[in-house]
Amino acid sequence: MLRRNRRLEKEYLFRKSKETLERTKYEKKRKIREAVQEGKPIPTELRNEEAQLRQEIDLEDENTAVPRTHIDDEYAKASERDPKILLTTSRDPSAPLIQFTKELKLVFPNAQVVNRGGQVISEIVESCRAHDYSDVVLVHEHRGKPDGLIVCHLPYGPTAYFQLCNVVSRHDIKDKKAMGTVPQAYPHLIINNFTTKLGERTANILKHLFPVPKPDTKRIITFANDQDYISFRHHMYDKPGGPKSIELKEIGPRFELKLFKIKLGTVDQDEAQNEWVLKPYMNTAKKQKFLGN
C-alpha cells in the first residue's frame, strides 16, 4: 500500500510539473489561431514552429484543445461516488468544540466523527486513504471557541484553511421546538458571489463535500460570499399555502468562514506548494475582493 501511494504521488507530481510546458504551447497555438482568423501575419517568434503547431491544431477537438490541469484531476472522480468525510478536532477538545463537531456531522451527509486522541495528522490521513475517505475536516478552537476549519481532499489534496467567526451552534439556541430536527436528506446548495478564479476554486472545494440531492428535498445549505467572508446558513423550507407561499426555517448551526490559505497537497505535507495565501499586506487593500464582487 505504501509503495502504491508513493508511486501515485510521484505520477501526480510529474503531471503537475508538465503543466507549465503545456500551458506555454497552448498560448502559442492560441496566437496562431487568432492570427489566422483575423487574417494577420503569424508572429515572428512563432514562425519556426508554425508548421508543427498547425499540424497539432488540426488534430485537436473540443476535449483536447484546452489543456487539463491538476485541478481538474483532483475532482475528476467526484461524480462517480458520494463523498465520505471524516470529522475530527484538535487534541484535548473542549465540550463546546465536541458539541460543534457533532453538529457538523449532521450538516455533512456521510460524515463520521472520530476522537483525535493521540493520533498525529499523518496517521489520520493515511488511515483515511486506506479506508477510501474522500475528505478530512479538522476543527480547531481557541479558549473553548471554534476558530478554525481545515478541509483536506483525499488522496492528494487540495487543502483549504478557513478561519471560523461568529459561530452559533444549535446547542446555543434555547427554543428547541422552533428550531426542529436536522433531516438526513441530501441538501440543495446555494453558492452565491464566487465570481473570481479563487472564488470558483473555493466553491469547488466546498460543494464537493456534499452529494447530489434528490429534486424534491426540502433541505437547503447556503454559502454566500460578502466582503470575502463566507456565510454558512442551514434551512428547511415548506409550502403550507401552495407553490407560491414558502416558509423558511433555520435549523442551524450558523457561522462565517474566512479563507486564508489553499495548499496543493494534503494537510500532513509541509513541503506542499501553496496555491494561494492571504498575506498581511493584503488586508490594507480594503477595496480588493479575492472571492467575488
Side-chain angles (χ1 to χ4, degrees), residues 78 81-155 157-173 176 179-187 189 205-213 217 219-223 230 232-236 250-259 263 266-269:
R81 61 187 179 94
D82 290 343
K84 184 181 177 184
I85 300 169
L86 183 134
L87 274 164
T88 189
T89 63
S90 52
R91 286 178 178 165
D92 194 20
S94 64
L97 184 65
I98 294 174
Q99 184 67 39
F100 181 66
T101 307
K102 289 179 179 177
E103 293 183 8
L104 285 182
K105 179 183 181 296
L106 301 176
V107 169
F108 299 118
N110 306 325
Q112 181 179 358
V113 178
V114 174
N115 293 329
R116 174 75 178 271
Q119 285 185 308
V120 296
I121 292 295
S122 57
E123 292 177 355
I124 294 173
V125 171
E126 196 59 41
S127 176
C128 289
R129 283 197 187 116
H131 291 86
D132 205 24
Y133 280 87
S134 64
D135 296 271
V136 176
V137 177
L138 293 156
V139 191
H140 294 273
E141 66 178 342
H142 178 68
R143 296 185 178 180
K145 293 184 178 181
D147 72 334
L149 190 76
I150 301 174
V151 180
C152 174
H153 183 65
L154 297 178
T159 303
Y161 295 76
F162 297 94
Q163 177 189 358
L164 269 174
C165 315
N166 305 325
V167 177
V168 179
S169 65
R170 288 170 52 84
H171 187 71
D172 297 331
I173 301 172
K176 305 295 182 185
M179 181 175 54
T181 58
V182 178
Q184 297 300 308
Y186 294 167
L189 296 182
I205 292 171
L206 293 174
K207 76 179 183 181
H208 281 103
L209 295 173
F210 300 89
V212 178
T217 183
R219 184 182 174 196
I220 301 172
I221 284 178
T222 305
F223 292 98
I230 304 168
F232 173 89
R233 297 293 183 270
H234 189 190
H235 292 89
M236 286 289 293
E250 187 171 1
I251 55 178
R254 63 160 65 179
F255 50 83
E256 319 290 329
L257 295 171
K258 173 75 171 179
L259 177 71
K263 187 167 69 174
T266 52
V267 66
D268 61 321
Q269 295 175 337

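For clarity, every value in this text was computed on a predicted model and none was experimentally measured.
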Minimum heavy-atom distance between Arg170 and Glu103, given as atom pair plus value: N-OE1, 2.8 Å

Qualifying residue, where the test is side-chain contact (heavy atoms from CB on, under 4.5 Å) with Thr88 and the options are Val137, Ile121, Val113, Leu138: Leu138

Closest non-hydrogen atom pair, Cys128 against Leu154: CB-CD1, 3.4 Å

Pair Gln99-Ser169, side-chain donor/acceptor within less than 3.5 Å: no

Side chain Ser134, main chain Lys84, donor-acceptor under 3.5 Å: yes

Heavy-atom side-chain proximity of Glu141 to Pro96 below 4.5 angstrom: no

Lys105, NZ: over 12 other non-hydrogen atoms inside 6.0 angstrom: no

Leu259 to Ala160 - nearest heavy-atom pair and separation: CD1-CB, 4.3 Å

Option passing side-chain contact (heavy atoms from CB on, under 4.5 Å) with Phe162 (candidates Asp147, Ile230, Ile150): Ile230

Leu97 backbone acceptor or donor facing Thr101 side chain under 3.5 Å: yes

pair Ile98-Thr89: side-chain heavy atoms closer than 4.5 Å: no

Nearest heavy-atom neighbours spanning Pro83 and Asp135: CB-OD2, 4.4 Å

Candidate list Ile220, Thr222, Ile251, test side-chain contact (heavy atoms from CB on, under 4.5 Å), partner His234, passing option: Ile251

Minimum heavy-atom distance Thr159-Cys152, with the two atoms named: OG1-SG, 3.5 Å

Pairs involving residues 82-130, ordered by first then second residue, that meet ring pair (Phe, Tyr, Trp, His ring centres under 6.0 Å) (sequence neighbours left out): Phe100-Phe255, Phe108-Phe210

Close side-chain approach of Leu149 and Leu104, heavy atoms under 4.5 Å: yes

Heavy-atom donor-acceptor pair, Lys263 side chain to Gln269 backbone, under 3.5 Å: yes

Residue pair Ser90 / His140: nearest heavy atoms and the distance that separates them: CB-ND1, 3.5 Å

Trace of the side-chain contact (heavy atoms from CB on, under 4.5 Å) decision for Phe232 with Val167: CA-CA 10 Å; Phe232 173 89; Val167 177; over 6 Å; no

